[in-house]
Amino acid sequence: METVTHYGRETAYEVVDRGSDGPPICCIHGSGGSHDVWDGQRPLADHAPLVTVDLSGHGESDDIDASAGYSALSAYADDVLAVVEATDAAVLVGNSLGGAVVLHILLEREFDPAAAVLTGTGARLGVLEDLLAWLRSDFERAVEFLHGPDRLFHDPDSGLRERSMERMHDTGQAVTRRDFLTSHEFDVRDRVDEIDTPTLAVYGEYDQLTPPWFHEYLADEIDEARLVEIEDAAHLAMIERPTAFNTVVDEFLSEIDGDRNRDWY
């Protein structure tokens, strides 16, 4: 892992660079996650360097003293932009809370990426009140709930499910709860139509946490956004169906290359 120092803290990130000429792709994980949720995307590095970030308090990154909501979201955006500057990343890929971070950057910050991929996310990310209560008082129950059928995964093998649960426990109750509270407060439905960045919205067929219509809304509101379904997957489609996910991202970036006549690959 490499690190970049900003605002008095270190943010960790990993780069997979196989010597390709495409613009680096920066991937941002969701609530309770870490950079390794994107391990299945390593084949994308055949076309462009792949950068995966640990947001503050996750993985190997320093934590922040920020309250849940806008303050935490803004700090997470700072993490991403520090890594973007260090790696020259030009494409942002965000899952769940990571998608909210990407939307925040597109709407609030000066950085103008060449393209964005939003998966398992939405312009609003309300969280079930029961889940918020369990995150406060019964973390084990919250983790079990999230790993129930058609939430984070549709039909994972036991090893995949267990690794995901371990990752969330490693992140810990306090940070994971902060993540979900931050998601719960996120709502840019009144502004999402301001985005003019080429955008791909990707959803898992069975996702109950951010259902297909969340992504349909993004595709309808963002000018010329693309919409793609990943079959036999739920919220973490990039983990559950990595080959299908990578294929649609590759195709999207190739389309952008054709539209803009840029030498992406």
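This is a predicted model, so every value here is computed, not measured.
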Peer 1: Decide yes or no on salt bridge (Lys or Arg N to Asp or Glu O under 4.0 Å) for Arg109 and Asp78, but give the supporting numbers first.
Peer 2: CA-CA 10 Å; Arg109 303 303 183 92; Asp78 291 338; 2.9 Å; yes
Peer 1: Is it true that Val202 and Phe214 fall in one hydrophobic cluster, defined by side-chain heavy atoms closer than 4.5 Å?
Peer 2: no
Peer 1: Is Ile230 reachable from Leu152 through a run of hydrophobic residues whose side-chain heavy atoms are each under 4.5 Å from the next?
Peer 2: yes
Peer 1: Is a donor on one side and an acceptor on the other found under 3.5 Å between the side chain of Ser96 and the backbone of Ser31?
Peer 2: no
Peer 1: Are Ile64 and Leu181 connected in the hydrophobic side-chain network, where two residues link if heavy atoms are under 4.5 Å apart?
Peer 2: no
Peer 1: Please test Ile25 against Leu50 for side chain to side chain contact (heavy atoms under 4.5 Å, CB included), starting from the C-alpha separation and ending with a verdict.
Peer 2: CA-CA 5 Å; Ile25 302 167; Leu50 185 75; 4.3 Å; yes
Peer 1: Can you tell me how far apart CZ (Arg178) and CG (Leu55) are? Round to the nearest 0.5 Å.
Peer 2: 9.5 Å
Peer 1: Just verifying a value: how many Å separate Glu140 CD and Gln173 CD, rounded to the nearest 0.5 Å?
Peer 2: 10.5 Å
Peer 1: How far apart are the closest heavy atoms of Ala123 and Tyr217, and which atoms are they?
Peer 2: CB-CE2, 4.0 Å
Peer 1: Just by distance, do the side chain of Asp220 and the backbone of Ile222 share a donor-acceptor pair under 3.5 Å?
Peer 2: no
Peer 1: Could you walk me through whether His47 and Leu253 pass side chain to side chain contact (heavy atoms under 4.5 Å, CB included), step by step?
Peer 2: CA-CA 10 Å; His47 304 298; Leu253 295 181; over 6 Å; no
Peer 1: Looking only at atom types and distance, does a side-chain atom of Asn95 sit under 3.5 Å from a main-chain N or O of Thr119, one as donor and one as acceptor?
Peer 2: yes
Peer 1: With a 4.0 Å cut-off, would you call Asp39 and Arg163 a salt bridge?
Peer 2: no
Peer 1: Closer than 3.5 angstrom, by distance alone: can the side chain of Glu14 be matched with the main-chain N or O of Met1 as a donor-acceptor pair?
Peer 2: no
Peer 1: Does some side-chain heavy atom of Arg136 sit less than 4.5 Å from a side-chain heavy atom of Arg177?
Peer 2: yes
Peer 1: Nearest 0.5 Å, what's the CG-OG1 distance between Leu103 and Thr121?
Peer 2: 6.0 Å
Peer 1: With a distance cut-off below 6.0 Å to the six-membered ring centre and an angular limit of 45° from the axis, does Arg151 pair with Phe145 as a cation-pi contact?
Peer 2: yes
Peer 1: Looking at Ser67, is its backbone amide N or carbonyl O close enough to the side chain of Ser71 to form a donor-acceptor pair, meaning the two atoms are under 3.5 Å apart?
Peer 2: no
Peer 1: Considering non-hydrogen atoms only, spot the tightest contact between Phe252 and Ala115 and give its length.
Peer 2: CE2-CB, 3.9 Å
Peer 1: Do you reckon Val175 sits in the same ILVMFWY cluster as Trp134, going by side-chain contacts under 4.5 Å, direct or chained?
Peer 2: no
Peer 1: Can you name the nearest heavy-atom pair linking Asp63 to Arg9, along with the distance?
Peer 2: O-CD, 4.3 Å
Peer 1: When rounded to the nearest 0.5 angstrom, what is the spacing between OG1 in Thr11 and CG in Asp54?
Peer 2: 9.0 Å
Peer 1: Taking all heavy atoms of Val4 and all of Tyr13, pick out the closest pair and write down the distance.
Peer 2: N-CE2, 4.0 Å
Peer 1: Between atom CZ of Phe153 and atom CG of Leu160, what is the distance when rounded to the nearest 0.5 Å?
Peer 2: 4.0 Å
Peer 1: Quick check on the 6.0 Å ring-centre criterion: do His29 and Tyr76 meet it?
Peer 2: no
Peer 1: If I compare all heavy atoms of Gln41 with all of Phe245, which pair ends up nearest, and what's the gap?
Peer 2: NE2-CD2, 3.7 Å
Peer 1: Would you check if Thr182 and Phe186 make a side-chain contact, meaning some heavy-atom pair closer than 4.5 Å?
Peer 2: no
Peer 1: For Tyr206 and His235, indicate whether the former's side chain and the latter's backbone hold a donor-acceptor pair under 3.5 Å.
Peer 2: no
Peer 1: So, Arg226 and Glu255, do they make that salt bridge, N to O below 4.0 Å?
Peer 2: yes
Peer 1: For Gly57, is there any backbone N or O sitting under 3.5 Å from a side-chain donor or acceptor partner on Ser61?
Peer 2: no
Peer 1: If we only count heavy atoms from C-beta on, is the Glu240 to Pro156 side-chain gap below 4.5 Å?
Peer 2: yes
Peer 1: Please examine the side chains of Glu108 and Arg191, heavy atoms only from C-beta on, and report whether any two atoms are closer than 4.5 Å.
Peer 2: yes
Peer 1: Quick one, Val93 and Trp38 - any side-chain contact, counting heavy atoms below 4.5 Å?
Peer 2: yes
Peer 1: How far apart are the closest heavy atoms of Glu205 and Pro212, and which atoms are they?
Peer 2: O-CG, 4.1 Å
Peer 1: Please indicate whether Glu85 has more than 12 foreign heavy atoms, meaning atoms of other residues, nucleotides or ligands, lying under 6.0 Å from its CD.
Peer 2: no
Peer 1: Do Ile195 and Asp223 come close enough that some side-chain heavy atom pair is under 4.5 Å?
Peer 2: no
Peer 1: Between NE2 of His35 and CZ of Arg167, what distance do you get to the nearest 0.5 Å?
Peer 2: 9.5 Å
Peer 1: Between the main-chain N or O of Gly59 and the side-chain N or O of Ser34, is there a donor-acceptor pair closer than 3.5 Å?
Peer 2: no
Peer 1: Is a side-chain donor or acceptor of Asp207 paired with a backbone partner of Tyr203 at a separation under 3.5 angstrom?
Peer 2: no
Peer 1: Will you find, in the side chains of Ser56 and Asp79, an N or O donor that is under 3.5 Å from an N or O acceptor?
Peer 2: yes
Peer 1: Ignoring hydrogens and angles, tell me if any N or O in the side chain of Arg161 forms a donor-acceptor pair with the backbone of His147 under 3.5 Å.
Peer 2: yes
Peer 1: Establish, from distance only, whether the side-chain atoms of Asp179 and His58 form a donor-acceptor pair under 3.5 Å.
Peer 2: yes
Peer 1: Restricting to salt bridge (Lys or Arg N to Asp or Glu O under 4.0 Å), what partner residues turn up for Glu229, sequence neighbours left out?
Peer 2: none
Peer 1: Decide yes or no on side chain to side chain contact (heavy atoms under 4.5 Å, CB included) for Leu97 and Leu125, but give the supporting numbers first.
Peer 2: CA-CA 8 Å; Leu97 172 65; Leu125 292 173; 5.6 Å; no
Peer 1: Hey, does Leu218 have a side-chain heavy atom less than 4.5 Å from the side chain of Thr199?
Peer 2: no
Peer 1: Applying side chain to side chain contact (heavy atoms under 4.5 Å, CB included), run through Leu200 and Leu118 and close with a yes or a no.
Peer 2: CA-CA 6 Å; Leu200 172 67; Leu118 303 170; over 6 Å; no
Peer 1: Any chain of hydrophobic side-chain contacts (each under 4.5 Å) joining Leu73 to Phe180?
Peer 2: no
Peer 1: Is the Tyr70-His104 ring centre distance short of 6.0 angstrom?
Peer 2: yes
Peer 1: Kindly check if the number of other-residue, nucleotide or ligand heavy atoms within 6.0 Å of CD (Glu216) is above 12?
Peer 2: yes
Peer 1: Would a 4.5 Å heavy-atom cut-off, applied to side chains only, mark Val91 and Pro113 as touching?
Peer 2: no
Peer 1: Does atom CG of Asp157 have more than 12 heavy-atom neighbours, drawn from other residues, nucleotides or ligands, at distances under 6.0 Å?
Peer 2: yes
Peer 1: For Glu129, run the side chain to side chain contact (heavy atoms under 4.5 Å, CB included) check against Leu131, Val127, Leu132 and tell me which one passes.
Peer 2: Leu132
